[in-house]
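Read the structure below first, then the notes.
A note on names: the letters A, B, ... follow the listed sequences, proteins ahead of strands, and every chain is numbered from 1. Just so it is clear, the model here is predicted, and its values are computed rather than measured. When reading the values below, keep in mind they use all heavy atoms of this one structure, side chains included, and skip hydrogens, waters and symmetry mates.
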Amino acid sequence: MNSIRFLCRLNNIQLQQIRLGHRIRGKAPIYCRTIKERIDELNYKDELYTARIDIGFPTEKKNALSAREDRIAKAQKAKSDKNLEKLARNLQLEINMEQSRKDWLQSLGPLHKKQIADHYAIYEHLYGEGFFIPHLDLEVFYDLGDGNCLPVYYGNVVKPAEALQSPIVSYESDGNSLWTLVLTNLDGHLKDNEKEYVHWMVSNIPSNCIEKGDVIFDYLRPFPVKGTGYHRYVFVLYKQDGQLKYDLPKVTSTSLEDRTFQTREWYKKYQDNITPIGLAFFQSDWDKTVRDFFHTTLNMKEPVYEYDFPEPYIRPQEWFPRRKPFNVYMDKYRDPKQINKEYLLRKLKNEHPFRSPEPPLKFPNAHPFPKTMPSWLKVQEQKIRLKWGRINDV
Amino acid sequence: MLASKEMLCFPKFVRLNSTAPAVFINRNPRNLERMRIARKPDGYHLDKPGRKFWHKLILTPTNRTVKAEVVHYINGPVIEAKTSEKALRNQLYSMTDTCAYINLGKVFAQRCLECGITEMHCDIEPGKGGKVEKFLEQVVKGGIQLKEVDVYKKPLPWDQHRPEKPWEVIEE
């Protein structure tokens, strides 16, 4: 019955259900569509909504012929290198990871970064249909204070306690270009989930000296709310084509209203003068420092959330349920809060405000119940002694 | 089949004069997977290979090169590393020998860590003492867990046990 209902809900799937035999329902497997085809049909989006626009710099074209010659020459050199061969045959050839990373950043790095940013839906939530390939490597480090640095790559986890101070940012730049750096939180807005909070914004950065730029929004530490999971914090570096004055008030306070922001709207306004070129982002979830931040800096109660799971299905109550323990059955149809209250009262009854609590029973099942006790109650008491079931909800 | 893209939360305690709204939506598409609440594409347990994963490690050796990639069940390939790319080929003697596999494992693990994907499903059954086994060894050594945890199922009120909520476990 369920499958029939499911079919009827999909309007473009065969509406009339024919029963061909008592074993085969619907069309035979070779004629009907597969589950994949059906799901693709459900998830289909028109080109109008999926078309994307490249808002970044175009990829530099390299001479394919010279690259090929270079590649062949290097391969021949490697093949004739006796030392390298010896290392490879003895399984001792270890590549230099730093050099490898450098090569990666110059070749496939930007494309891989775009791929992973798409996976985290960074562009979608920053610019809507826009995207860019981060050609410039943006290096961001959080100083941990004990001589160690925590880098921000493309989605690694940084705890709020590790990001209290503004990070060290570096990138390659020629002497006379100007830059804008923006750090926003895509998921953290408390009121409107379409909006963002700006955590840091520096404009008119000459070359790569962040300190010399005009700070529009002072650095604010991340504060992912408890129970809401991992938030994305995105650093985007824009290249300016000259001195720019953004129509934004300078914010040094931690006021969340002032920091409400929408990258898309802001970018739309200045898109003729700025072009995104560098990207780095991290994920962060709640830790203890966030509570202090809410209490001392924001001066508000810390909001705590819990994921809203769907309610369990409970079938309609019957007059004469068969083969069901009556107490368990009846409990299903009572108010769970009332049940929990009863368990709590029972627990508090045995507790004394000044004496230490009694030690738990070592062998809970070894203590006999009175003979006059009904069997259902014995089972219930046993469950409570073993800490099974609803007693855990208190 | 589709995991809901956004996370919906309700406050645990509705307190007086709290300015926070009742509903909070986290747009991060990877959040529910990290919190172990998202759905996995279940129902293909008769298929081989199965499809019950969020991220999966796939190793594709060809005659010329070896490719390792992480595949997401909806988004497809997400992280890639190849021995024929400049980053590896420049320092290798051969693109398919054991050393190539070992170094590919290192680079691949590093990229996964940088992208924040530390757990993935892997159904590769390597031959003993072979190249593939050495590759997987390096991946594990690099800090990647080759097993994905099960989805957290909220216990019903009449269930016997209350499993720990993964998002309430706080590392010290």
Side-chain angles (χ1 to χ4, degrees), chain A residues 39 43 74 78-79 81 84-85 87-88 91 93-97 99-101 103-104 106-108 112 115-116 118-121 125 153-157 186-187 190-191 193 225 227-232 283 287 300-301 303-309 312 328 331-332 336 388-390 392-393, chain B residues 1-2 5-13 15 17-21 24-32 34-35 37 72 75 77-80 85-94 97-99 102-103 106-107 110-111 113-117 134 154 156-162 167 170:
Chain A
I39 288 167
N43 293 338
K74 269 188 180 153
K79 283 287 172 201
D81 190 343
L84 199 66
E85 185 180 359
L87 285 172
L91 307 186
L93 180 63
E94 282 183 16
I95 62 166
N96 182 352
M97 294 294 276
Q99 181 60 41
S100 159
R101 193 178 150 72
D103 287 341
W104 175 71
Q106 281 167 4
S107 54
L108 284 170
H112 284 177
Q115 206 173 17
I116 193 73
D118 268 337
H119 186 47
Y120 281 96
H125 293 148
Y153 294 113
Y154 329 102
N156 55 334
V157 175
L186 295 181
D187 309 309
L190 288 173
K191 303 241 165 89
N193 75 302
V225 184
T228 58
Y230 291 80
H231 294 193
R232 294 162 296 167
Q283 298 186 84
D287 74 1
M300 63 185 276
K301 268 176 183 161
V304 178
Y305 292 89
E306 182 124 339
Y307 184 71
D308 184 36
F309 284 98
V328 177
D331 270 357
K332 275 194 186 178
W388 287 359
R390 290 184 187 261
N392 293 308
D393 287 338
Chain B
M1 184 67 203
L2 267 181
K5 254 190 165 176
E6 288 160 347
M7 179 180 162
L8 209 72
C9 292
F10 285 93
K12 209 172 179 183
F13 313 106
R15 289 177 178 139
N17 33 335
S18 171
T19 48
F24 184 99
I25 296 176
N26 188 342
R27 292 190 290 173
N28 185 355
R30 302 283 80 77
N31 177 45
L32 287 180
R34 268 194 166 268
M35 289 175 87
I37 301 172
H72 185 255
N75 291 352
V78 178
I79 304 168
E80 284 178 3
E85 66 187 59
K86 211 175 161 190
L88 278 148
R89 189 189 56 206
N90 277 1
Q91 299 182 51
L92 288 176
Y93 174 71
S94 156
D97 66 353
T98 313
C99 270
I102 292 171
N103 288 309
K106 275 186 201 172
V107 171
Q110 178 66 23
R111 282 183 197 173
L113 288 187
E114 284 176 9
C115 296
I117 293 167
K134 288 205 169 80
K154 199 202 170 193
L156 300 168
W158 47 88
D159 279 352
Q160 189 179 352
H161 297 298
R162 300 287 182 277
W167 57 92
I170 294 155

Using the side chain to side chain contact (heavy atoms under 4.5 Å, CB included) rule, take B:I79 and A:H112 through it: C-alpha gap first, then chi angles, then the decisive distance, then the call. CA-CA 7 Å; B:I79 304 168; A:H112 284 177; over 6 Å; no

Any Lys/Arg nitrogen of B:R89 or A:D103 sitting under 4.0 Å from an Asp/Glu carboxylate oxygen of the other? no

Checked A:A78, A:G155, A:P336 vs chain B; the most non-hydrogen pairs under 4.5 Å come from A:G155

If you count heavy-atom pairs under 4.5 Å between each of A:L186, A:I95, A:V157 and chain B, which one has the most? A:I95

[X] side chain vs [Y] backbone, donor-acceptor pair below 3.5 Å:
{"X": "A:D187", "Y": "B:N28", "result": "yes"}
{"X": "B:R30", "Y": "A:H119", "result": "yes"}
{"X": "A:N193", "Y": "B:I25", "result": "no"}

For [X] versus [Y], what's the shortest heavy-atom pair and its separation?
{"X": "B:P29", "Y": "A:R232", "value": "CD-NH1, 3.8 Å"}
{"X": "A:P312", "Y": "B:P157", "value": "CG-CD, 4.5 Å"}
{"X": "B:P21", "Y": "A:L190", "value": "CG-O, 2.7 Å"}
{"X": "B:E80", "Y": "A:Q115", "value": "OE2-NE2, 3.9 Å"}
{"X": "A:D393", "Y": "B:R162", "value": "OD1-NE, 2.8 Å"}
{"X": "A:K79", "Y": "B:Y93", "value": "NZ-O, 3.4 Å"}

Evaluate B:L32 against A:Y307 for side chain to side chain contact (heavy atoms under 4.5 Å, CB included), listing each step before the verdict. CA-CA 10 Å; B:L32 287 180; A:Y307 184 71; 4.0 Å; yes

Taking atom [atom1] of [X] and atom [atom2] of [Y], what is their separation to the nearest 0.5 Å?
{"X": "A:I116", "Y": "B:N75", "atom1": "CD1", "atom2": "CG", "value": "9.5 Å"}
{"X": "B:Q110", "Y": "A:R101", "atom1": "CD", "atom2": "CZ", "value": "7.0 Å"}
{"X": "A:T228", "Y": "B:F24", "atom1": "OG1", "atom2": "CZ", "value": "4.5 Å"}
{"X": "A:S100", "Y": "B:K86", "atom1": "OG", "atom2": "NZ", "value": "11.5 Å"}
{"X": "A:Y154", "Y": "B:E114", "atom1": "OH", "atom2": "CD", "value": "5.5 Å"}
{"X": "B:C115", "Y": "A:N156", "atom1": "SG", "atom2": "CG", "value": "8.5 Å"}

Need one label for A:L108: side chain, backbone, both or neither, based on atoms under 4.5 Å from any heavy atom in chain B. side chain

Under 4.5 Å from any heavy atom of chain B, what part of A:E94 do you find: side chain, backbone, both or neither? both

What part of [X] lies closer than 4.5 angstrom to a heavy atom of chain A: side chain, backbone, both or neither?
{"X": "B:L113", "result": "backbone"}
{"X": "B:K134", "result": "side chain"}
{"X": "B:D97", "result": "side chain"}

Please assess B:H72 against A:Y120 for the test ring-ring contact (aromatic ring centres under 6.0 Å, His included), listing each intermediate value before the final yes or no. CA-CA 11 Å; B:H72 185 255; A:Y120 281 96; 9.9 Å; no

With B:N103, which residues qualify under side chain to side chain donor-acceptor pair (under 3.5 Å), at least two apart? none

Among all residues two or more places apart in sequence or in another chain, which pass the side chain to side chain donor-acceptor pair (under 3.5 Å) test with A:D331? A:R334

Report yes or no: is the cationic atom of A:K332 (NZ for Lys, CZ for Arg) closer than 6.0 Å to the six-membered ring centre of B:W158, at no more than 45° off its axis? yes

Answer whether the closest heavy-atom distance between the side chains of B:H161 and A:N392 falls below 4.5 Å. no

Evaluate side chain to side chain contact (heavy atoms under 4.5 Å, CB included) for B:I37 paired with A:F309, printing each intermediate quantity in order. CA-CA 9 Å; B:I37 301 172; A:F309 284 98; 3.9 Å; yes

Between B:Q91 and A:N96, do the side chains contain an N or O donor and an N or O acceptor separated by less than 3.5 Å? no

